[in-house]
Enquirer: 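The structure that follows is given in the form of structure tokens.
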Amino acid sequence: QLQLAESGGGLVQPGGSLRLSCVASGFTLEYYNILWFRQAPGKEREGVSCDSSSDGSTNYIDSVKGRFATFRLNAQNTAYLEMNSLKFEDTGVYYCAVIPSVSCDSGTYSLTPDYWGQGTQVTVSS
């Protein structure tokens with residue numbers, strides 16, 4: 001069965017950190033771009049980061065630049081989103097998704113992913 005499974009969400013105070021994991025099953029993550037999306041309550045889903053398998057490029061939305069980092073461990077078929085200095089506005093359900101290998105830029109988030117994870121809740125609250 002081809003699927004992605006996220007984990008690592010939770011409740012964290014402002015300024016705290018979380019590391020989200022995205023494990024791929026049934027296919028090799030190494031050959032795909034990894035996208036992270038999030039959806040805050042009452043808002044549309046937005047692309048957060050992209051990690052390209054074709055040229056190693058990454059892309060982040062402005063609001064998370066310098067705070068979030070995406071990386072992957074191909075041997076574990078797993079991708080990660082490291083989130084630091086978390087803010088209230090980072091609250092939401094975070095999803096990983098994959099698309100065929102292309103260079104990452106701001107337009108990448110509009111492509112239709114091949115697979116989605118089920119999401120993991122991140123809540124930033126004091």
Side-chain angles (χ1 to χ4, degrees):
Q1 186 176 0
L2 308 177
Q3 64 179 11
L4 294 168
E6 303 99 334
S7 61
L11 175 64
V12 63
Q13 293 185 339
S17 298
L18 283 174
R19 176 181 289 184
L20 306 183
S21 300
C22 174
V23 180
S25 301
F27 66 99
T28 303
L29 203 56
E30 181 178 3
Y31 303 123
Y32 290 83
N33 279 26
I34 298 162
L35 307 179
W36 287 91
F37 293 83
R38 67 185 179 188
Q39 187 164 20
K43 295 187 177 181
E44 292 187 356
R45 186 167 55 200
E46 65 174 347
V48 175
S49 70
C50 176
D51 173 17
S52 172
S53 65
S54 66
D55 59 9
S57 60
T58 57
N59 180 275
Y60 299 91
I61 56 171
D62 288 344
S63 61
V64 306
K65 284 180 180 177
R67 300 188 298 120
F68 288 16
T70 180
F71 62 99
R72 66 177 83 194
L73 294 179
N74 290 328
Q76 298 178 4
N77 217 26
T78 302
Y80 298 92
L81 183 66
E82 185 80 29
M83 306 187 297
N84 299 308
S85 302
L86 284 162
K87 304 177 180 180
F88 294 118
E89 52 265 40
D90 294 319
T91 293
V93 179
Y94 283 70
Y95 302 88
C96 62
V98 295
I99 60 172
S101 181
V102 295
S103 183
C104 288
D105 58 37
S106 59
T108 307
Y109 306 111
S110 65
L111 301 176
T112 301
D114 287 1
Y115 308 113
W116 286 93
Q118 83 287 353
T120 185
Q121 176 70 46
V122 172
T123 302
V124 184
S125 175
S126 55

Enquirer: Return the set of residues passing ring pair (Phe, Tyr, Trp, His ring centres under 6.0 Å) with Y60 (not counting sequence neighbours), or none when no residue passes.
Expert: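 Applying ring pair (Phe, Tyr, Trp, His ring centres under 6.0 Å) to Y60 gives none.
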Enquirer: If you look only at pairs with a residue in residues 101-126, which of them pass as a ring-ring contact (aromatic ring centres under 6.0 Å, His included), with sequence neighbours excluded?
Expert: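 Only F27-Y115, F37-W116 qualify under ring-ring contact (aromatic ring centres under 6.0 Å, His included).
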Enquirer: Is it the case that one hydrophobic cluster holds both Y94 and I61, taking links as side-chain heavy atoms less than 4.5 Å apart, direct or via other members?
Expert: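 Shared cluster, yes.
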Enquirer: If we only count heavy atoms from C-beta on, is the L18 to V124 side-chain gap below 4.5 Å?
Expert: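 A side-chain contact is absent here, since even the closest heavy-atom pair is not under 4.5 Å.
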Enquirer: Is it the case that more than 12 heavy atoms not belonging to Y31 sit under 6.0 Å from its OH atom?
Expert: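 Not buried by this count: 12 neighbours or fewer within 6.0 Å.
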Enquirer: Could you pull out the closest heavy-atom pair between L86 and R67, with the gap in Å?
Expert: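 Closest heavy-atom pair between L86 and R67: CA-NH1, 3.8 Å.
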Enquirer: Would you check if the side chain of N33 reaches a backbone N or O of V98 as a donor-acceptor pair within less than 3.5 Å?
Expert: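 No; judged by distance alone, with no hydrogens or angles, the pair does not exist.
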Enquirer: So, E6 side chain and Q118 main chain: donor-acceptor pair closer than 3.5 Å or not?
Expert: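 Judged by distance alone, yes, a pair lies under 3.5 Å.
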Enquirer: Might you point out which heavy atoms bring S125 and L11 nearest each other, and give the distance in Å?
Expert: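 In this case the closest contact between S125 and L11 is CB-CD1, 3.9 Å.
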Enquirer: Has N59 got a side-chain atom pairing as donor or acceptor with C50's backbone, closer than 3.5 angstrom?
Expert: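 It does not hold such a pair.
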Enquirer: Kindly state each residue pair satisfying side-chain hydrogen bond (donor to acceptor under 3.5 Å, both in side chains) with at least one member in residues 8-25, sequence neighbours excluded.
Expert: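 Only S17-N84, R19-E82 qualify under side-chain hydrogen bond (donor to acceptor under 3.5 Å, both in side chains).
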Enquirer: If I take atom CZ from residue F68 and atom OG from residue S85, how far apart are they, to the nearest 0.5 angstrom?
Expert: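 Interatomic distance, F68 CZ to S85 OG, rounded to 0.5 Å: 9.5 Å.
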Enquirer: Using a strict cut-off of less than 4.0 Å between a Lys/Arg side-chain nitrogen and an Asp/Glu carboxylate oxygen, indicate whether D62 and K65 qualify as a salt bridge.
Expert: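 Answer for the salt bridge query: yes.
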Enquirer: Apply side chain to side chain contact (heavy atoms under 4.5 Å, CB included) to S63 and K87, showing your working.
Expert: CA-CA 10 Å; S63 61; K87 304 177 180 180; over 6 Å; no
Enquirer: CG of L4 to OG1 of T78: how many Å apart, nearest 0.5 Å?
Expert: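 One finds 10.0 Å between CG of L4 and OG1 of T78.
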Enquirer: Just wondering, do V122 and L20 contact through their side chains at under 4.5 Å, heavy atoms?
Expert: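 When only atoms from C-beta onward are counted, V122 and L20 do touch, with a gap below 4.5 Å.
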Enquirer: Any chance you could measure I34, atom CD1, to S49, atom OG, to the nearest 0.5 Å?
Expert: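 Going from the CD1 atom of I34 to the OG atom of S49 covers 9.0 Å.
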Enquirer: Take D90 and M83, measure what side chain to side chain contact (heavy atoms under 4.5 Å, CB included) needs, and give me the verdict at the end.
Expert: CA-CA 9 Å; D90 294 319; M83 306 187 297; over 6 Å; no
Enquirer: Measure the spacing between CD1 of I99 and OG of S110 and express it to the nearest 0.5 Å.
Expert: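 Answer for the CD1-OG pair, I99 versus S110, is 8.5 Å.
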Enquirer: Checking D51 side chain against F71 main chain: does a donor-acceptor pair fall under 3.5 Å?
Expert: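 Flag not set: sc D51 to bb F71 has no pair under 3.5 Å.
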Enquirer: R38 pairs by side chain to side chain contact (heavy atoms under 4.5 Å, CB included) with which of T91, V93, V64?
Expert: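 Answer after filtering T91, V93, V64: V64.
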Enquirer: Is it the case that the side chain of S101 and the backbone of S54 share a donor-acceptor pair, with hydrogens and angles ignored and the cut-off at 3.5 Å?
Expert: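 Here the side-chain-to-backbone pair exists.
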Enquirer: So V102 and L111, side chain to side chain contact (heavy atoms under 4.5 Å, CB included) or not? Walk me through it.
Expert: CA-CA 10 Å; V102 295; L111 301 176; 4.3 Å; yes
